[in-house]
Amino acid sequence: KLKAKICGLTRREDIAAANELLPDYIGMVFYPKSKRAVSREQAAALKAQLDKRIQAVGVFVNAELDFIAGLVHEGIIDVVQLHGDEDAEYIKALRAAVSVLVIKAIRVRDPESLANLAQYEVDYFLFDTYKAGMYGGTGERFSFDLASGVEIPKPYFIAGGLDPDNVREVAAQYPAAYAVDVSGGVEDPSTGLKSYALIKKFLSQIKLS
């Protein structure tokens, strides 16, 4: 069964929608430059309301290890997602500090982007579109043809440009994918806020795939 992550939750209304619709994961962004960023205090309040069947993923870009470890130890996040330039040594130090699952995002620019995946001691990969100067949130699809013939040593998430209208097509293209990850694709274009109706439609399409 394909798993689903709804990323970039910022409001109590988002958590209420998640609790009703039950994605496998929700994401909270701790990158200050993101329009979807939340503070430690905001995240703690949101996690306190989250259904325990849903895992909360903390999304980080080149963050201090102590900051991540604090969020894990306080129970604010259940999974760590690294979306920056974190290298193998950084990940090794993180694994020594926390015992939760770790996702490493790979911004796919060319086949070389996928050349050394085995160096990362992580539980999952997340493949997203490369765009200069942006650590995710591009809203653009990437061509998985770039990964043709590449051995992917861990289960992986697909991200970038997903929405309720294309997720079934994407799922069919990547039958080995563990999960799909969406943020902007389930936001109301007029407000930039998460839409209950779009999240519901997105998750219903996954169940049909």
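Quick caveat: nothing in here was measured; it's all calculated off a predicted structure.
Checked against a 6.0 Å centroid threshold, the rings of Y156 and Y178 do not count as neighbours. Residues F157 and Y124 bring their aromatic ring centres within 6.0 Å.
Taking each heavy atom of L101 and D123 in turn, the nearest pair found is CA-OD2, 3.3 Å. What you find for L126 and A159 is that their closest heavy atoms are CD2-CB, 3.7 Å. What you find for A56 and I76 is that their closest heavy atoms are CB-O, 4.0 Å. Nearest heavy-atom pair, R36 versus S183, reported as atom, atom and distance to 0.1 Å: NE-OG, 3.1 Å. In terms of heavy atoms, R107 sits closest to D85 at NH2-OD1, 3.4 Å. Summarising the geometry of N116 relative to Q119, their closest heavy-atom pair is O-CG, 2.9 Å, with the distance given to 0.1 Å.
Atom CG of L50 and atom CG of N19 lie 5.5 Å apart (nearest 0.5 Å). Between E86 atom CD and L94 atom CG the span is 9.0 Å, to the nearest 0.5 Å. For the atom pair SG of C7 and CG of L162, the computed distance is 12.0 Å after rounding to the nearest 0.5 Å. To the nearest 0.5 Å, atoms CZ (F125) and OH (Y120) are separated by 7.5 Å. Distance check: Q173 CD to R168 CZ gives 13.5 Å after rounding to the nearest 0.5 Å.
Side-chain contact check for H83 versus D128: some heavy-atom pair is nearer than 4.5 Å. Looking at heavy atoms from C-beta onward, N166 lies out of side-chain contact with Q205 at the 4.5 angstrom threshold. The closest side-chain heavy-atom distance from V61 to F30 is not below 4.5 Å. Residues E13 and I15 fail the side-chain proximity criterion, which asks for heavy atoms closer than 4.5 Å. Side-chain contact between I103 and V80 is absent, with no heavy-atom pair separated by less than 4.5 Å. Residues P23 and L203 are in side-chain contact: their nearest non-hydrogen atoms beyond the backbone lie under 4.5 Å apart. I199 has its side chain out of reach of V182: every pair of non-hydrogen atoms, C-beta onward, lies at least 4.5 Å apart. Contact check for V38 versus V29: no side-chain heavy atoms found under the 4.5 Å cut-off.
A donor-acceptor pair is defined here as one N or O able to donate and one able to accept, closer than 3.5 Å; no such pair exists between the side chain of N62 and the backbone of G84. Put simply, the side chain of D14 gets close to the backbone of T10: a donor and an acceptor are under 3.5 Å apart. Although no hydrogens or angles enter the test, the distance criterion places no donor-acceptor pair under 3.5 Å between the side chain of D51 and the main chain of A18. Of the possible polar contacts, one joining the Q42 side chain to the S39 backbone as a donor-acceptor pair under 3.5 Å is found. A donor-acceptor contact shorter than 3.5 Å links the side chain of D24 to the backbone of A4. Looking at S195, its side chain never comes within 3.5 Å of a backbone N or O of V186 through a donor-acceptor pair. In this structure a side-chain-to-backbone donor-acceptor pair under 3.5 Å is missing from D163 to F202. Remark: side-chain polar atoms of R95 are paired, donor with acceptor, to backbone N or O of E121 under 3.5 angstrom. No donor-acceptor distance shorter than 3.5 angstrom exists from the side chain of D181 to the backbone of I158, with no hydrogens or angles considered.
The hydrophobic cluster containing L22 also contains L9, counting ILVMFWY residues as joined when their side-chain heavy atoms lie under 4.5 angstrom apart, directly or transitively. I6 and L193 are assigned to two separate hydrophobic clusters, defined by single-linkage of ILVMFWY side chains at heavy-atom distances under 4.5 Å. In the hydrophobic clustering of this structure, I91 groups with F67; members are Ile, Leu, Val, Met, Phe, Trp, Tyr whose side-chain heavy atoms approach within less than 4.5 Å, directly or through other members.
More than 12 heavy-atom neighbours from other residues, nucleotides or ligands sit within 6.0 angstrom of CZ on R40. The number of heavy atoms from other shown groups lying within 6.0 Å of NZ (K1) is above 12.
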How far apart are the C-alpha atoms of L82 and I68, what are their side-chain angles, what is the distance that settles it, and do they pass the side-chain contact (heavy atoms from CB on, under 4.5 Å) test?
CA-CA 10 Å; L82 303 175; I68 298 177; 4.2 Å; yes
Start with the C-alpha gap between V100 and V79, add the side-chain angles, then the distance that decides, and say whether side-chain contact (heavy atoms from CB on, under 4.5 Å) holds.
CA-CA 6 Å; V100 297; V79 181; 5.8 Å; no
When you look at D78 and Y25, which way does the side-chain contact (heavy atoms from CB on, under 4.5 Å) test go after all the steps?
CA-CA 10 Å; D78 306 305; Y25 304 90; over 6 Å; no
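Taking the charged nitrogens against the carboxylate oxygens, K104 and D87 have no contact shorter than 4.0 Å, which rules out a salt bridge. With respect to the salt-bridge test (charged N to carboxylate O, under 4.0 angstrom), the residues K194 and E187 qualify.
A side-chain N or O of Q81 and one of K5 form a donor-acceptor pair less than 3.5 Å apart.
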